[in-house]
Structure formats: C-alpha cells, structure tokens
**Student:** 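Just dropping this structure here.
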Amino acid sequence: MTAIPAHHADTVARLRREVCALHAELIRWNLVTWTSGNISARVPGADLMVIKPSGVTYDDLTPESMVVCDLHGTPVEGAHAPSSDTDAHAYVYRAMPEVGAVVHTHSTYATAWAARGEPIPCAITAMADEFGADIPVGPFALIGGDDIGKGIAATLAGHRSPAVLMRGHGVFTIGRDAKAAVKAAVMCEDVARTVHLAREHGPVDRLPQHHIDALYDRYQNVYGQRGPRQEEGADS
C-alpha cells in the first residue's frame with residue numbers, strides 16, 4: 001500500500017472520526033438495515049477518500065476501521081476491505097470534483113420509488129428548498145464496479161438535486177462534505193414518504209417551476225445564519 005503523505009495525516013484522522021460518527025445518523029433516521037449503506041468523504045487536496053468497511057455492523061464501526069482508498073478504489077490504509085460500493089464512490093469523485101462526500105442508503109420509501117423507476121416530483125416546499133427539482137432516477141447497474149458511479153454522475157450532471165434514485169437499487173446522495181450528503185439522504189427519505197402518502201389520497205401536482213426556483217434560491221442563499229453556524233431546519 002502507498003503511505004498517506006504526512007501533511008494529510010491530520011485531515012485523514014479527522015475524516016475517519018467524522019465518517020464513522022455520521023454512520024450513526026443513518027441508523028438514527030432509519031435509512032439503513034443491518035450492514036447496508038455507506039458514507040465516504042474526499043480528502044481535500046489529495047486523490048484519496050475515507051469510506052466504511054464492507055460488511056461490518058454499525059455497532060462495531062470505529063474511526064480506525066474506516067478505510068482510506070485512492071480515487072480508483074484501491075485501499076491505501078486500513079485493516080478491512082472497503083465497501084462493495086467503493087468503485088462507485090471513487091468514480092463520482094473523479095467525475096465530479098466539486099463533490100466532497102457520497103452517501104448510499106436503501107431507505108424504505110425512497111427505495112420504493114427507485115424500484116418503480118419513478119422520479120419523486122417536487123410537490124412540497126421542503127423539496128424545493130433542499131433539492132430544487134424532482135429527485136431523478138438513474139439507470140440500473142450491478143454492484144461491484146464503477147457502473148453505478150457512472151450512472152450517478154451522468155444523472156446528476158447539471159442537476160440541482162443532491163440525490164439520485166438508482167433504479168432497482170436505492171439512494172445515493174452527494175454533498176460538499178459528509179454532513180451535507182447525510183442531510184440530503186435524510187431529506188430524500190422524508191420527502192419520498194410524504195409524497196407517497198399524499199398520492200395514496202389522489203393525484204399530486206408538482207409545484208410551479210417559478211415557485212421551485214424562488215424557494216430554492218431563498219433556502220440556498222438567504223435562509224439561516226450567514227456566519228459559521230448554519231441552521232438545519234427549512235421552516236425554523
């Protein structure tokens with residue numbers, strides 16, 4: 001294995017702690033079961049990422065068990081094999097340099113939309129705030145190579161949504177950092193459930209595009225504190 005450059009060691013250690021801790025949020029928000037799902041984060045300034053180990057239960061995750069890989073999915077540091085989705089994450093980082101983190105879940109309601117191959121229409125203000133658009137569907141691809149990553153990157157290119165429903169598979173989200181990508185995964189499941197429940201009682205109309213644009217602009221550029229502390233709730 002190639003050694004991690006000394007000047008990145010502190011950053012890698014911080015990301016190991018952060019990525020490990022954020023996996024607890026996937027459990028907290030009921031986005032994963034057993035060992036499914038994973039989070040990764042890019043190491044700024046290096047062609048490296050930190051990702052969950054494969055098949056390790058959430059209770060057993062530690063910062064030390066996180067795996068450092070290069071951006072072709074090759075392990076660089078760590079005692080465990082990396083997630084089976086590593087090649088997909090790595091492709092996203094190579095193709096989308098603005099992405100700082102990737103999250104994958106099989107959350108129930110959002111994955112049900114993925115099973116149908118149906119985008120979630122932007123029908124509520126919370127969706128417009130966070131996603132600025134419908135949540136799109138990406139193509140079906142088998143796990144184990146970078147085809148899933150190719151589908152993610154192609155689907156989200158030029159799209160406002162930080163979430164994509166990979167057909168017949170589940171949810172992938174991106175963010176500037178791991179917390180943002182996890183938040184997108186939480187919000188994706190929340191709106192998937194809400195819109196599903198609404199449709200049980202009749203047709204659901206998408207919000208007019210000009211309202212979606214206005215809501216998205218407000219939330220991204222005006223809402224919340226403009227200093228170091230950022231509030232999380234769209235309607236707080």
**Student:** Of all residues at least two apart in sequence or in a different chain, which pass the salt bridge (Lys or Arg N to Asp or Glu O under 4.0 Å) check with E118?
**Tutor:** R116, R199
**Student:** Among residues two or more places apart or on two chains, list those pairs meeting side-chain hydrogen bond (donor to acceptor under 3.5 Å, both in side chains) that have a residue in residues 139-152.
**Tutor:** none
**Student:** Once ring-ring contact (aromatic ring centres under 6.0 Å, His included) is applied, do any residues pair with H196, and if so which ones, sequence neighbours excluded?
**Tutor:** Y109
**Student:** So, using salt bridge (Lys or Arg N to Asp or Glu O under 4.0 Å) as the criterion, who are the partners of R17 when residues are at least two apart?
**Tutor:** none
**Student:** Which residues pass the ring-ring contact (aromatic ring centres under 6.0 Å, His included) test with Y58, not counting sequence neighbours?
**Tutor:** H23
**Student:** Of all residues at least two apart in sequence or in a different chain, which pass the salt bridge (Lys or Arg N to Asp or Glu O under 4.0 Å) check with E25?
**Tutor:** R28
**Student:** Taking E77 for its side chain and V68 for its backbone only, find out whether a donor-acceptor pair lies under 3.5 Å.
**Tutor:** no
**Student:** Tell me, please, which residues at least two apart from R193 pass salt bridge (Lys or Arg N to Asp or Glu O under 4.0 Å).
**Tutor:** none
**Student:** Run E18 and K179 through salt bridge (Lys or Arg N to Asp or Glu O under 4.0 Å) and show every step you take.
**Tutor:** CA-CA 9 Å; E18 180 181 352; K179 185 176 181 181; over 6 Å; no
**Student:** Which pair of heavy atoms, one from C69 and one from P75, lies closest together, and at what distance?
**Tutor:** SG-CA, 3.9 Å
**Student:** With D60, which residues qualify under side chain to side chain donor-acceptor pair (under 3.5 Å), at least two apart?
**Tutor:** T57
**Student:** Show me the pairs that pass ring pair (Phe, Tyr, Trp, His ring centres under 6.0 Å) and involve residues 168-188, at least two apart or across chains.
**Tutor:** H104-H169, H104-F172, H106-H169, H169-F172
**Student:** By side chain to side chain donor-acceptor pair (under 3.5 Å), which residues pair with T86, not counting sequence neighbours?
**Tutor:** none
**Student:** Could you list the donor-acceptor pairs under 3.5 angstrom formed by side chains in residues 42-49, with sequence neighbours left out?
**Tutor:**
unit_1	atom_1	unit_2	atom_2	d
R42	NE	V99	O	2.8
R42	NH2	Y93	O	2.8
R42	NH2	M96	O	3.1
R42	NH2	V99	O	3.1

**Student:** My understanding is that only residues two or more places apart in sequence, or in another chain, count here; which of them pass side chain to side chain donor-acceptor pair (under 3.5 Å) with R160?
**Tutor:** D213
